[in-house]
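To find a chain, count down the sequence lines: A is the first, B the second, and so on, and within it residues start at 1.
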Amino acid sequence: MNIEQTLQNHICEALKAEFDVIEYNIALQPTKKDFEGSYTFVVFPYVKSLKKSPIEIGNAIGEYLVKNTSVVSKYNVVQGFLNLSLPDFIWTNLYNSILSDENYGQLPAKNETVMVEYSSPNTNKPLHLGHLRNNFLGFSVANILKANGYHVVKTNLVNDRGIHICKSMLAYQKFGNLETPESAGLKGDHLVGKYYVIFDKNYKVEIEELKAKGLSEEDAKKQAPLLLEAQEMLLKWENNDPETIALWQKMNEWVFAGFSQTYEKMGVSFDKIYRESNTYLLGKETVEEGLKSGVFFKKEDGSVWIDLTDEGLDQKLVLRKDGTSVYITQDMGTAELKYNDFKMSKSIYVVGNEQDYHFEVLFKIIKKMNRPYSLGNFHLSYGMVDLPSGKMKSREGTVVDADDLMQEMVDTARDRTNELGKIDGFTPTEAEELYQTLAMGALKYFLLKVDPKKRMLFNPSESIDFQGNTGPYIQFNYARISAILRKAEQLGIEISPVSEAISLHPTEQELIFTLSDYPLKVEEAGRDYSPSLIAQYVYTLARAYSQFYTEVSIFNEEDKNLQAFRVGLSKIVAGTIKHAMELLGVSVPSRM
RNA sequence: GGUCUCGUAGCUCAGCUGGAUAGAGCAACUGCCUUCUAAGCAGUAGGUCACAGGUUCGAAUCCUGUCGAGAUCACCA
């Protein structure tokens, strides 16, 4: 039983003993910084029924707790708020238990499998800033779920076929002159992306030409020769035309090679990769089955639909009249495939909020189909990353490229570090490693500290900070602690549990309080699929340590017990910072 | 137009199932490195929580409406 529960129970007793009130739902909150105490109990709700003043009630409960329990050392009542202080032994007990827990922050195993699908790129253009948010989120959520005791399968559903892929293929065929990533000196994904842009340029020219001949914009878009050719190419692809398939394979390989470099830089990975070229035909059987069971119905033209009007939605097409699949058909099939592969109890889709409606429909269909996996589906719908000018648009060249941005971050990290003269004693390799660590720390923390549901703003003209509420700030505190631990080891200071009474500095008490909160945060972050909770937490912890660090001296402390305690406290703070940062996918340097 | 999300300091963001004088960081200004890493610490200044009603002992938080921003409503994915 943790402290909070113990306190709640005692307050329960106090209410019963003093006022004959039976109340099981005791809400405690952390005491605000301006007041003395650790936990606060609000007595306002009882004022009316007891016909006593808040002060009276607060005093009575406070008095009872101090007299009849050992867990409250002091109390004060301000207005209707009863602030409780805990005796030092409570804090040192907490310290001891955290110190002895090798895997602090890892929750008990649940014997349950969760799938996290994220990244899911198109193979016609390189990754951009939006993908960075997606990938960091997905990877972090997977880590958080692991810490919550789940068995986690990370998947990536790669969109490697379709008309948009044919567009870059066609442009390459027409204008590529057999260029290769090697000959062009470009990463494969960037090379293919280049041709996607070339397609669009030429397509637009054709549209203008057609419009000049008197066609409407709409007709021009549909009749432009390049588009018609691309559609033709898609048909060839679907008919396994050898030449088309060969080109497709070649270009896809380039893209995959490029992506895997980018993924490696990002520090993300997958357990299973699904390709749409393998799954796009799935789902038709599901539709057949649904037709038989009456979940779907067929219209006169032969197209198949589901009626979701009873759910507050519309009718939705699930199979075209020519019998071909649409997006949602594929997703139904893929869901079936994934479940057969892994039998997971939960399936998280990390996909932008522009697809809210799609997933609402998909999950409702799965429910109506009464699938065994119909309950655990969750769309982790994250907000777009906007630029000051608004949404990123590839056509207008306002896309922030993932590779470029990561490289810029490394350059910034190098400049900052050198300005500060912080790499004395580093080999060139170690220095480069540090720049990487800091760069990715700054970038990931920047993107993950914001609530995933909210859209966020990124200003490319201002580089991401390395000071204040940032990744490097937290990394800095870790590095500082590492230095302390190295010195403590040299001095032969041994860390052991606190056995005799010591009196704690406020910053020490605050640190233990914050540390003890960590497992709850891990649980909460897992429940809400929200890395931002971990990011905020680890910042709070680092800040609390920074205060401790400046206010309390370790190696000048004469009391050896106190000194060992402070080293031990530093150690568990470092351990928790490292654990939390790992949940975010951020590594921490031992020197910086 | 229908549905959904959002509107908190100059800027970027916190604010849990309603609770104290609304919190951080950046930017601005003031102090603090002969003492464990100053990518730091302490402090000052900055807010009618879009607006108007309502519920409540109590509302940034819940409800209704207004204004503003965005997403979505494809036989695209």
- Query: What stems involve RNA chain B, if each pair must be Watson-Crick or G-U and both of its distances must be under 3.5 Å, with 3 or more such pairs in a row?
  - Reply: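 Looking at RNA chain B, the stems formed by three or more consecutive pairs are B:1-7 with B:67-73, B:10-13 with B:23-26, B:28-32 with B:40-44, B:50-54 with B:62-66.
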Under 4.0 angstrom, heavy atoms only, what part of the nucleic acid is [X] near: base, sugar-phosphate, or nothing?
{"X": "A/Leu313", "value": "nothing"}
{"X": "A/Leu420", "value": "base"}
{"X": "A/Ser546", "value": "sugar-phosphate"}
{"X": "A/Ile484", "value": "sugar-phosphate"}
{"X": "A/Tyr549", "value": "base"}
{"X": "A/Asp331", "value": "nothing"}
{"X": "A/Val450", "value": "sugar-phosphate"}
{"X": "A/Thr540", "value": "nothing"}
{"X": "A/Val552", "value": "base"}

- Message: At under 4.0 Å between heavy atoms, how does the protein contact nucleotides 71-77 of chain B? Give one character per nucleotide, 5' to 3', with B, S or -.
- Response: SS--BSB
- Message: Using the ring-ring contact (aromatic ring centres under 6.0 Å, His included) criterion, which residues pair with A/Tyr75? Sequence neighbours excluded.
- Response: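 Partners of A/Tyr75 under the ring-ring contact (aromatic ring centres under 6.0 Å, His included) test: none.
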- For A/Tyr545, ring-ring contact (aromatic ring centres under 6.0 Å, His included) partners two or more places apart: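 In terms of ring-ring contact (aromatic ring centres under 6.0 Å, His included), with neighbours along the sequence ignored, A/Tyr545 is linked to A/Phe548.
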What side-chain donor-acceptor pairs closer than 3.5 Å can you find for residues 298-308 of chain A, not counting sequence neighbours?
| from | atom 1 | to | atom 2 | distance (Å) |
| --- | --- | --- | --- | --- |
| A/Lys299 | NZ | A/Gln315 | OE1 | 3.4 |
| A/Asp301 | OD1 | A/Ser303 | N | 2.9 |
| A/Asp301 | OD1 | A/Ser303 | OG | 2.7 |
| A/Ser303 | OG | A/Trp305 | NE1 | 2.8 |
| A/Asp307 | OD1 | A/Thr309 | N | 2.9 |
| A/Asp307 | OD1 | A/Thr309 | OG1 | 2.6 |
| A/Asp307 | OD2 | A/Thr309 | OG1 | 3.4 |

- Message: Below the 4.0 Å mark, does B/G40 have OP1 or OP2 next to a side-chain nitrogen or oxygen of A/Thr550?
- Response: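 No, outside the criterion.
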- Task: Look at A/Arg480 and B/A38 and indicate whether a side-chain polar atom (N or O) is within less than 4.0 Å of OP1 or OP2.
- Result: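 Answer yes for this pair, as a side-chain N or O of A/Arg480 is under 4.0 Å from OP1 or OP2.
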- Message: Looking at A/Asp451 and A/Lys453, is there a salt bridge between them, counting it only when a charged N and a carboxylate O are closer than 4.0 Å?
- Response: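 Yes, A/Lys453 and A/Asp451 are salt-bridged.
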- Message: Closer than 4.0 angstrom, basic N to acidic O: yes or no for A/Lys33 and A/Glu510?
- Response: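 A salt bridge links A/Lys33 with A/Glu510.
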Show me the side-chain donor-acceptor pairs of residues 125-132 of chain A shorter than 3.5 Å, one per line, residues at least two apart or across chains.
| from | atom 1 | to | atom 2 | distance (Å) |
| --- | --- | --- | --- | --- |
| A/His128 | ND1 | A/Gly130 | N | 2.9 |
| A/His131 | ND1 | A/His128 | N | 2.9 |

Polar-atom pairs under 3.5 Å, protein N or O versus N or O of nucleotides 57-61 of chain B: list them with distances, or write none.
| from | atom 1 | to | atom 2 | distance (Å) |
| --- | --- | --- | --- | --- |
| B/C57 | OP1 | A/Lys48 | NZ | 2.6 |

Determine the Euclidean distance between corresponding [atom1] atoms of [M] and [N]; express it in Å to zero decimal places.
{"N": "B/U8", "M": "B/A50", "atom1": "C1'", "result": "10 Å"}
{"N": "B/C33", "M": "B/A42", "atom1": "C1'", "result": "14 Å"}
{"N": "B/C49", "M": "B/G2", "atom1": "P", "result": "29 Å"}
{"N": "B/A59", "M": "B/U17", "atom1": "C1'", "result": "15 Å"}
{"N": "B/C29", "M": "B/A9", "atom1": "P", "result": "22 Å"}
{"N": "B/A74", "M": "B/U3", "atom1": "P", "result": "16 Å"}
{"N": "B/U21", "M": "B/G65", "atom1": "C1'", "result": "31 Å"}
{"N": "B/G43", "M": "B/A24", "atom1": "P", "result": "9 Å"}

- Under 3.5 Å, is there a donor-acceptor pair linking the side chains of A/Tyr537 and A/Glu524?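 Their side chains do not contain a donor-acceptor pair, so the 3.5 Å distance test is not met.
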- Item | A/Thr123 and A/Asp160: CA distance, side-chain angles, deciding distance, side chain to side chain donor-acceptor pair (under 3.5 Å) verdict | CA-CA 5 Å; A/Thr123 57; A/Asp160 62 347; 5.9 Å; no
- Task: Establish, yes or no, whether a centroid distance under 6.0 Å links the rings of A/His379 and A/Phe363.
- Result: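 Judged by ring-centre distance (under 6.0 Å), A/His379 and A/Phe363 do not meet the cut-off.
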- Item | Distance (rounded to the nearest 0.5 Å) between A/Thr540 OG1 and A/Phe513 CZ |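 It comes to 11.5 Å.
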- Query: If you round to the nearest 0.5 Å, how far is CG of A/Asn252 from CG of A/Asn124?
  - Reply: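 Those atoms lie 9.5 Å apart.
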Under 3.5 Å, which N/O atoms of the protein pair with N/O atoms of nucleotides 22-24 of chain B?
| from | atom 1 | to | atom 2 | distance (Å) |
| --- | --- | --- | --- | --- |
| B/A24 | O2' | A/Tyr539 | OH | 3.2 |

Please enumerate all protein N or O atoms sitting under 3.5 Å from an N or O of nucleotides 42-47 of chain B, with distances to 0.1 Å.
| from | atom 1 | to | atom 2 | distance (Å) |
| --- | --- | --- | --- | --- |
| B/A42 | OP1 | A/Gln547 | NE2 | 3.0 |

- Message: Heavy atoms from C-beta onward define the side chain here; which of B/C13, B/A20, B/U37 lies closest to that of A/Leu457?
- Response: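 Of all the options, the side chain of A/Leu457 is nearest to B/C13.
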- Query: A/Arg455 side chain: which of B/A69, B/A20, B/C36 is closest?
  - Reply: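 When the side chain of A/Arg455 is considered, B/A69 is the closest of B/A69, B/A20, B/C36.
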- Where do A/Pro54 and A/Val77 come nearest, in terms of heavy atoms and distance?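 So the two residues come closest at O-CG1, 4.3 Å.
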- Provide the closest heavy-atom pair for A/Pro531 versus A/Leu584 in the form atom of the first, atom of the second, distance.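 Closest pair (atom of A/Pro531, atom of A/Leu584, distance): O-CD2, 3.6 Å.
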- Heavy-atom donor-acceptor pair, A/Lys422 side-chain to B/U37 base, under 3.5 Å: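 Such a pair exists between side chain and base.
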- Query: Between the base of B/A39 and the side chain of A/Thr470, is there a donor-acceptor distance below 3.5 Å?
  - Reply: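 Counting by modelled atom types and ignoring angles, no donor-acceptor contact under 3.5 Å is found here.
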- Interatomic distance, A/Phe81 CZ vs B/G19 P [rounded to whole Å]: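 So the CZ-P distance, A/Phe81 to B/G19, works out to 9 Å.
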- Task: Please report, rounded to the nearest Å, how far the P atom of B/C16 is from the CD atom of A/Glu523.
- Result: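 The answer, rounded to whole Å, is 18 Å.
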- Within a radius of less than 6.0 Å around CZ of A/Arg591, do more than 12 heavy atoms belonging to other residues, nucleotides or ligands occur?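 Yes, CZ of A/Arg591 has more than 12 neighbouring heavy atoms, counting only those of other groups under 6.0 Å.
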- Message: Check this for me: A/Glu311, atom CD, are more than 12 non-hydrogen atoms of other residues, nucleotides or ligands nearer than 6.0 Å?
- Response: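 Result for CD/A/Glu311: enclosed.
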- Message: Could you check whether A/Arg480 makes a cation-pi contact with A/Tyr549, meaning its NZ or CZ is under 6.0 Å from the centre of the six-membered ring and within 45° of the ring axis?
- Response: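 Yes, cation above the ring, under 6.0 Å and within 45°.
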- Message: Show me the pairs that pass side chain to side chain donor-acceptor pair (under 3.5 Å) and involve residues 40-49 of chain A, at least two apart or across chains.
- Response: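 Listed by first then second residue: A/Glu23-A/Tyr46, A/Thr31-A/Thr40, A/Thr40-A/Asn83.
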- Item | Of all pairs that satisfy ring-ring contact (aromatic ring centres under 6.0 Å, His included), the ones with a partner from residues 466-488 of chain A, not counting sequence neighbours |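 For residues 466-488 of chain A: A/Tyr473-A/Tyr539.
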- Task: Could you list all the salt bridge (charged side-chain N to carboxylate O under 4.0 Å, His left out) pairs where at least one residue sits in residues 412-422 of chain A, not counting sequence neighbours?
- Result: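 Listed once each, the pairs are A/Asp411-A/Arg414, A/Arg414-A/Glu432.
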- Query: Pick one for B/C33: is it syn, with its angle within 90° of 0, or anti?
  - Reply: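 Syn, angle within 90° of zero.
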